[in-house]
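Report on the structure given below.
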Amino acid sequence: MITLIKGFHDILPDQSSKWAFIISKARNCLERFGFREIITPIMEKTELFQRGIGQATDIVEKEMYTFTDISGDSLSLRPEATAGILRSVVEHSLLRHEPVLKLFSIGPMFRRERPSKGRFRQFFQINAEVLGDNSPLTDAETILAATSIVHAIGAKDCSVEINSVGCRDCRNTYKHELRKFLKPSLDHLCPDCQRRFETNPLRILDCKESACIAVCKNAPLIGEWLDADCRDHFGQVKKALESIGVNFRVEPRLVRGLDYYSRTAFELVHSELGRSKAVGGGGRYDSLIGELGGPDISGIGFGIGIERLAMNLEDQGHSFQKEIDVFMAIIGEKARASCFELANQLRKNGLSVDARYSDMSLKAQMKLADRLEAQWVVMVGENELAQGQATIRNMKTKEQFLVTLDEIEQRVRGEKS
RNA sequence: GAGGGCGUAGCUCAGUUGGCAGAGUACAGGGUUGUGGCCCCUGCGGCCGUGGGUUCGAGUCCCACCGCUCUCCCCA
């Protein structure tokens, strides 16, 4: 037997309706906020991610599915959505046409991590980006859009954590301060953090090792080192969030794993999963668009993990099963051809109809109709056939009528609310 | 990358000191000549993860490997 790739998963029919539910709610929500869908490839040139996400990040360093194409190009499965979306926007000059773009995208991402609960090597993400608008109101509205999706789906116990990681300038001065503070205790840090000291000292604050937590206890926080503009921006984001009723918590140590974030960074945190397995996250990026060859403007975006949303719905007893209007029960071989035509005539007229053309007892067909949650069963056997009629049974009330074939549709529709 | 747990029917799992491979559920048929859910009966269903070792005899004990799963790191 050939099995799945480790860390990948199938979405089986009994789960797929739940996924459709989540995706349609998300799409609906984002369109209400003015986002339009963009669909980009799941593979890009490796260079795009190296330039966009940052060479030194965990994702690019060791988590990408990268291979060499026959042409000699290095290609990678996308580990996140933003880089590909921006590549497309720049390549097609969409920002020349419209100074502000609001885009969303839904699809699979790939990261070669060790799988665990709620973490997969292929996972689906809902992604949204606002490009070309650096108002703090946009930050707040984008965060609201993200929380609206979570709420629309009915996932509970989700809270918003935000922070400002400053712009490149204040982050550099802060990095300097942080290194100065950490240097004497460098030996006490975990090996990972000793490495991060050079590559990305901000991440040390986020480390879960008790030794590192102890060292960082009195470390300076980025909030204290923001320049006037960044401080003002952050203040206005918080004010705007309050004005539209978004509950949030400022998490001064929140630092995200992607290099490109500046100013606002946020995560949607589920109480049980904690920040190490956020339901969603995002932030503002000041230089990414320019970095990829576009105009020197700012953007803000977020990603929400569909698997993690789906996990939140597990125990809430939603029913996503779709009912059908009619199950066609065929009694005896002679009725089969007429039923085949009738079933497809009803479909043509807009009803959802199912039928089985292999030999089945009526009892088995009734059982199947029940399982499929058919509202009506249309039964045709020799008796009905001879008179051009059908027996129709309302599965809820158990009422049964003998009707002409022409009457079926109106009868079924009549009972639909 | 480091560390736990688990691999027996399609699914969820029992399996005693080593002695014929089990239950529930699902599926199929019947109880009802052409009528669903509840009930009853019957049937189908197995390389006991793979390979080796110990033994008269291994699902059970030993070793190795493979797979899955969870935790940590990190992210969605």
Side-chain angles (χ1 to χ4, degrees), chain A residues 1 3-9 12 14 53 57-63 78-82 106-127 146 149-150 158 190-193 195-196 200 203-204 206-210 212 254-258 267-270 273-282 301-312 327 329-332 335 358-385 390-400:
Chain A
M1 188 175 40
T3 56
L4 278 162
I5 304 170
K6 188 192 188 78
F8 286 57
H9 62 286
L12 301 177
D14 63 329
I53 302 170
T57 56
D58 284 353
I59 291 177
V60 170
E61 231 169 36
K62 52 188 191 205
E63 294 177 358
R78 61 184 182 193
E80 57 97 56
T82 307
I106 297 172
M109 306 298 154
F110 304 85
R111 290 182 202 170
R112 204 189 175 292
E113 295 177 278
R114 187 85 159 223
S116 66
K117 191 180 175 67
R119 175 167 60 232
F120 305 95
R121 291 181 174 181
Q122 174 183 284
F123 57 97
F124 280 75
Q125 231 178 348
I126 300 158
N127 240 266
I149 292 172
V150 175
C158 235
C190 73
D192 273 343
C193 285
R195 191 172 42 83
R196 288 179 185 136
N200 194 352
R203 291 222 63 89
I204 299 175
D206 219 22
C207 186
K208 311 293 186 297
E209 290 286 331
S210 56
C212 303
L254 172 61
V255 175
R256 313 219 59 242
L258 284 66
E267 291 192 346
L268 269 42
V269 177
H270 184 266
L273 299 171
R275 194 136 55 82
S276 63
K277 276 182 193 160
V279 171
F302 63 83
I304 292 178
I306 297 184
E307 285 83 355
R308 290 182 185 178
L309 275 180
M311 259 191 322
N312 275 289
F327 187 87
I330 304 166
I331 307 160
S358 51
D359 239 339
M360 272 176 89
S361 68
L362 179 59
K363 183 173 177 169
Q365 295 183 75
M366 292 299 293
K367 254 174 130 162
L368 180 57
D370 187 51
R371 200 167 62 235
L372 296 173
E373 291 184 38
Q375 303 301 291
W376 290 85
V377 171
V378 171
M379 282 173 271
V380 178
E382 276 186 63
N383 304 345
E384 291 85 356
L385 203 58
T391 302
I392 65 170
R393 178 182 176 88
N394 183 317
M395 292 296 273
K396 272 206 193 93
T397 65
K398 301 183 182 180
E399 289 172 304
Q400 221 164 278

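Just so we're on the same page: letters track the sequence lines, and every chain starts at 1. Quick caveat: nothing in here was measured; it's all calculated off a predicted structure.
- The residue among A:G305 and A:R112 whose nearest nucleotide of RNA chain B lies closer to the 5′ end is A:R112.
- Residues satisfying the side chain to side chain donor-acceptor pair (under 3.5 Å) test with A:E382, not counting sequence neighbours, are none.
- Under the rule for a side-chain contact (heavy atoms from CB on, under 4.5 Å), the partners of A:K396 that lie at least two apart in sequence or sit in another chain are A:Q375, A:N394.
- The separation of B:U42 from B:G49, taken at their C1' atoms, amounts to 32 Å, rounded to a whole angstrom.
- Spacing between B:C40 and B:A26 at atom P, rounded to whole Å, works out to 12 Å.
- Using a 4.5 Å heavy-atom cutoff, the side chains of A:Q125 and A:I306 are not in contact.
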Can you pull every protein N or O that's under 3.5 Å from an N or O on nucleotides 11-13 of chain B?
none

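- Under the 3.5 Å distance criterion, with hydrogens and angles disregarded, no donor-acceptor pair is assigned to the side chains of A:Q400 and A:T391.
- Contact annotation for A:Q125: backbone-only contact, meaning every heavy-atom pair under 4.0 Å involves sugar-phosphate atoms and none involves a base.
- On the C1' atoms, B:C65 is 33 Å away from B:U25, given to the nearest whole Å.
- Nearest heavy-atom pair, A:A329 versus A:V377, reported as atom, atom and distance to 0.1 Å: CB-CG1, 3.7 Å.
- At whole-Å resolution of the value, CZ in A:R121 and C1' in B:C74 are 14 Å apart.
- Looking at A:R308, its side chain does come within 3.5 Å of a backbone N or O of A:A278 through a donor-acceptor pair.
- Partners of A:K117 under the side-chain contact (heavy atoms from CB on, under 4.5 Å) rule, at least two apart in sequence or in another chain, are A:K277, A:M311.
- Comparing the C1' positions of B:G67 and B:G31 gives a spacing of 45 Å, expressed to the nearest Å.
- Closest of all the heavy-atom pairs between A:F123 and A:E307 is CA-OE2, 3.2 Å.
- To the nearest whole angstrom, the two P atoms, one in B:G51 and one in B:G36, are 47 Å apart.
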In B/S/- notation (B base, S sugar-phosphate only, - none; protein heavy atoms under 4.0 Å), nucleotides 66-72 of chain B written 5' to 3' is --S-SSB

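- For B:G59 and B:U8, the C1' atoms lie 7 Å apart once the distance is rounded to whole Å.
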Given protein heavy atoms under 4.0 Å, the one-letter contact record of nucleotides 27-36 of chain B, with B base, S sugar-phosphate only and - none, is simply S-S-B--BBB

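- Taking the side chain as every heavy atom from C-beta outward, A:L309 and A:I126 approach each other to under 4.5 Å.
- For the side-chain contact (heavy atoms from CB on, under 4.5 Å) test, residues two or more places apart in sequence or in another chain that qualify with A:E113 are A:E63, A:R111, A:R119.
- Checked against side chain to side chain donor-acceptor pair (under 3.5 Å), A:R121 has no partners two or more places apart in sequence or in another chain.
- The side chain to side chain donor-acceptor pair (under 3.5 Å) search around A:Q365 returns none, not counting sequence neighbours.
- Residues satisfying the ring pair (Phe, Tyr, Trp, His ring centres under 6.0 Å) criterion with A:F124, sequence neighbours excluded, are A:W19.
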For RNA chain B, the dot-bracket notation using Watson-Crick and G-U wobble pairs below 3.5 Å, [ ] for pseudoknot-type crossings and | for other-strand pairs, is (((((((..((((.....[..)))).(((((.......))))).....(((((..]....))))))))))))....

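- Comparing the same atom, P, in B:C61 and in B:C73 gives a spacing of 35 Å after rounding to whole Å.
- Partners of A:L368 by side-chain contact (heavy atoms from CB on, under 4.5 Å), not counting sequence neighbours, listed by chain and number: A:F327, A:R356, A:M360, A:R371, A:L372.
- Straight-line distance between the C1' atoms of B:G46 and B:C20: roughly 14 Å, to the nearest whole Å.
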